[in-house]
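To find a chain, count down the sequence lines: A is the first, B the second, and so on, and within it residues start at 1.
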Amino acid sequence: MDSDPDTLTLDLEGWEGPLDLLLALARSQKVDLKQISILALVEQYLAYVEQAHALKLEVAADYLVMAAWLAYLKSALLLPRDPEVEPSPEELALRLQMRLERLNAMRDAGARLLARDRLGRDVFRRAAPEGLRTVRKAMWQAEIYDLIAAYGQINARNRPVFHVVHDRPVMTLDAALERVSQLLGMQVDWATIESFLPDTLDGPFRKSALASSFVAALELARMGKAELRQQSPFAPLYLKATA
Amino acid sequence: MIEPDNLSRAVEAVLFAADEPLSIEAIRAHVGEETDVRAALDEIAGFYAGRGIELVCRGGRWHFQTAGDMAHLLRREREEARKLSRAAIETLAIIAYHEPVTRAEIEAIRGVQISRGTLDVLMEAGWARPAGRRETPGRPLTYVTTPDFLTHFGLASRRDLPGIDDLRAAGLLDPVDLAMADMAIAEEVETEAEED
Amino acid sequence: MIEPDNLSRAVEAVLFAADEPLSIEAIRAHVGEETDVRAALDEIAGFYAGRGIELVCRGGRWHFQTAGDMAHLLRREREEARKLSRAAIETLAIIAYHEPVTRAEIEAIRGVQISRGTLDVLMEAGWARPAGRRETPGRPLTYVTTPDFLTHFGLASRRDLPGIDDLRAAGLLDPVDLAMADMAIAEEVETEAEED
């Protein structure tokens with residue numbers, strides 16, 4: 001950083017960008033950046049970049065962009081002022097100087113920060129502290145309602161329970177046999193099995209009667225007392241006494 | 001290396017920053033061989049006497065430590081509100097209605113086993129306590145509720161607990177919830193089995 | 001919990017035992033909520049003034065550390081093994097003096113792109129952290145320094161940053177005009193070399 005620009009090695013890789021190089025050149029000119037000559041700085045930069053042999057083109061590109069911009073600034077500063085052009089070359093020069101000052105300020109600030117008494121390097125905390133501990137203690141909560149509701153639940157859960165099974169009306173097979181054979185004796189022609197069922201509105205009882213009567217019809221057919229006829233599956237089932 | 005009037009400061013800093021107790025020789029390695037470390041240690045010990053930090057010597061090695069009577073401050077208790085589990089509140093209810101009652105009796109009434117932790121929670125909360133042994137085979141421990149229990153639940157005495165008829169009148173014996181309660185119990189038995 | 005004449009001892013013990021800097025609230029959690037911790041801290045700081053150990057406040061958090069002039073007795077060379085790169089040092093300074101600051105603003109001041117690794121190093125050290133987005137087009141992330149940054153560099157607050165008042169007076173900390181930085185910020189530069 002503090003080396004003479006004339007003796008700089010021809011290598012751009014040591015610089016952190018064009019602004020870094022510009023700042024080094026400016027500092028070699030004057031300590032106070034406010035007093036530097038922008039024109040001289042531009043000359044220094046252009047001369048440096050011209051003789052620098054960049055190893056990497058992509059690194060050199062930034063320096064060349066800055067060189068082009070500085071060349072423009074130099075010509076604008078030297079040529080008669082064109083009042084149409086905004087901002088003015090002096091304004092641009094001032095901005096460049098301000099940028100160098102900002103970077104310079106931050107570079108100094110970084111150095112001053114690092115030179116402070118740093119914890120763990122210059123000053124030390126206690127190496128083996130006892131440590132502080134936080135012990136979590138539960139504060140149990142419950143309401144009187146929770147308590148009595150819980151007891152109610154236990155009681156309800158464990159109270160003796162009686163299971164009562166209601167009598168369901170059914171027609172036994174014997175009853176069905178007797179009824180179907182009786183009705184069959186009074187019947188001359190084919191009749192559906194439904195016509196043998198008792199006249200009832202009780203659905204479950206009717207189902208029971210149908211099942212028992214069907215089994216009874218099969219039994220009568222086996223004994224040769226009845227004939228059964230059905231056109232197709234699920235078609236009406238007809239019964240007739242054997243002749 | 002160190003001026004005499006700075007020596008006690010230097011020894012103090014070295015001991016403070018050290019990660020283990022230091023012998024006088026080890027201290028000297030930091031502050032200089034030609035120093036009267038012993039005198040500096042005495043001066044420091046005097047300076048800290050009666051403060052929150054003290055300088056102590058154990059087996060010829062010196063270190064700072066927090067004053068013994070301040071140890072309780074290093075451990076901070078933080079209270080966290082927690083709701084009682086279903087098992088705990090039922091167990092508490094059974095103790096309250098039937099005390100003194102043994103663990104086996106609680107399980108018989110609940111119809112479900114209780115984990116060891118359930119009674120611990122009630123005792124930690126200060127609502128139940130052991131109360132002597134029942135003079136039956138095995139001499140099982142019995143449990144009763146505490147005065148804190150009455151205070152917490154706003155009861156003058158256990159007679160203030162609503163009776164079964166009151167519970168029924170309040171709809172708290174309504175079997176409608178039974179199916180759900182049974183499901184909850186089944187889950188709880190599983191989790192308690194895991195805890196044990 | 002603590003009698004007033006014992007408070008300074010208690011605060012001293014708690015700070016001494018703590019393994020990290022403590023805020024006044026954190027101290028109160030140990031010594032009691034109704035205590036004048038601030039007064040106790042002042043008393044302790046006075047007591048230690050000029051000794052080998054001192055009580056310091058960094059970003060509102062208090063801790064004991066060895067006196068700065070004892071550094072030569074204690075300095076550990078090994079700690080310097082991981083040296084910060086120039087890019088990292090400048091970036092840290094820019095964040096500290098300009099915070100909150102975006103990556104583009106850091107690049108505008110340095111005149112070069114920063115590699116992702118540079119910010120990572122600072123965040124890994126615990127000195128910088130992301131702090132919300134700037135409500136401008138693109139909603140860029142901003143960065144700020146942390147309490148640990150103040151602790152490490154021995155700053156009571158950001159107002160203690162070296163020369164910050166002069167820099168502000170000279171306008172060098174004014175918000176960075178990104179448009180002003182239009183001249184030749186490296187766009188696609190491979191900046192990994194910065195980290196070496």
Side-chain angles (χ1 to χ4, degrees), chain A residues 107-170 202-205 207-208, chain B residues 13 16-21 63-66 71 73-84 86 88-94 96-97 108-112 121-122 124-127 149 152-155 160-162 164 166-168 170-178 181-182 184-185:
Chain A
R107 193 158 291 175
D108 285 352
R112 288 169 78 178
L113 268 183
L114 257 64
R116 291 181 65 82
D117 279 344
R118 286 162 58 188
L119 197 63
R121 190 191 67 165
D122 308 298
V123 296
F124 297 88
R125 305 199 55 231
R126 198 169 161 220
E130 286 94 345
L132 299 174
R133 281 194 303 140
T134 299
V135 180
R136 287 183 167 73
K137 193 177 169 215
M139 210 170 63
W140 295 104
Q141 287 189 325
E143 302 302 321
I144 183 78
Y145 172 78
D146 301 327
L147 187 76
I148 60 178
Y151 194 67
Q153 292 275 13
I154 299 165
N155 263 279
R157 203 163 67 221
N158 298 337
R159 216 163 9 149
V161 179
F162 297 98
H163 291 281
V164 179
V165 180
H166 292 286
D167 266 346
R168 285 179 57 210
V170 291
D202 186 342
F205 176 65
K207 271 186 184 168
S208 166
Chain B
F16 178 83
D19 54 10
E20 56 180 7
H63 69 106
F64 282 118
Q65 68 181 24
T66 310
L73 297 178
L74 310 185
R75 202 170 151 278
R76 174 167 71 108
E77 290 197 343
R78 200 169 72 194
E79 296 207 317
E80 285 178 348
R82 288 183 63 183
K83 241 180 132 48
L84 277 189
R86 189 189 163 80
I89 192 79
E90 287 193 5
T91 302
L92 181 62
I94 293 167
Y97 276 91
I109 296 169
R110 258 196 99 205
V112 184
V121 162
L122 297 177
E124 187 198 319
W127 294 336
F149 163 81
H152 181 90
F153 289 96
L155 300 165
D160 284 359
L161 283 169
I164 291 296
D166 300 317
L167 295 179
R168 183 176 289 114
L172 291 172
L173 295 186
D174 201 338
V176 170
D177 293 335
L178 268 185
D182 286 345
I185 293 281

Which portion of Y97(B) sits near chain A, non-hydrogen atoms under 4.5 angstrom: side chain
Heavy-atom contact with chain A under 4.5 Å, split by part of Q65(B): both
Close side-chain approach of L92(B) to Y151(A), heavy-atom, < 4.5 Å: no
R82(B) atom CZ, over 12 foreign heavy atoms within 6.0 Å: no
I109(B), part contacting chain A, at a heavy-atom distance under 4.5 Å: both
Neighbour count above 12 (heavy atom, 6.0 Å) for E124(B) CD: yes
From I144(A), I148(A), D146(A), residue fulfilling side chain to side chain contact (heavy atoms under 4.5 Å, CB included) relative to F153(B): I144(A)
Residue H63(B) versus chain A: region with a heavy atom under 4.5 Å: neither
Interchain contact, L155(B) with chain A, by part (heavy-atom threshold 4.5 Å): side chain
Backbone of T66(B) reached by a side-chain donor or acceptor of E130(A) within 3.5 Å: yes
Residue, of L161(B), I94(B), V121(B), that accumulates the most heavy atom pairs under 4.5 Å with chain A: V121(B)
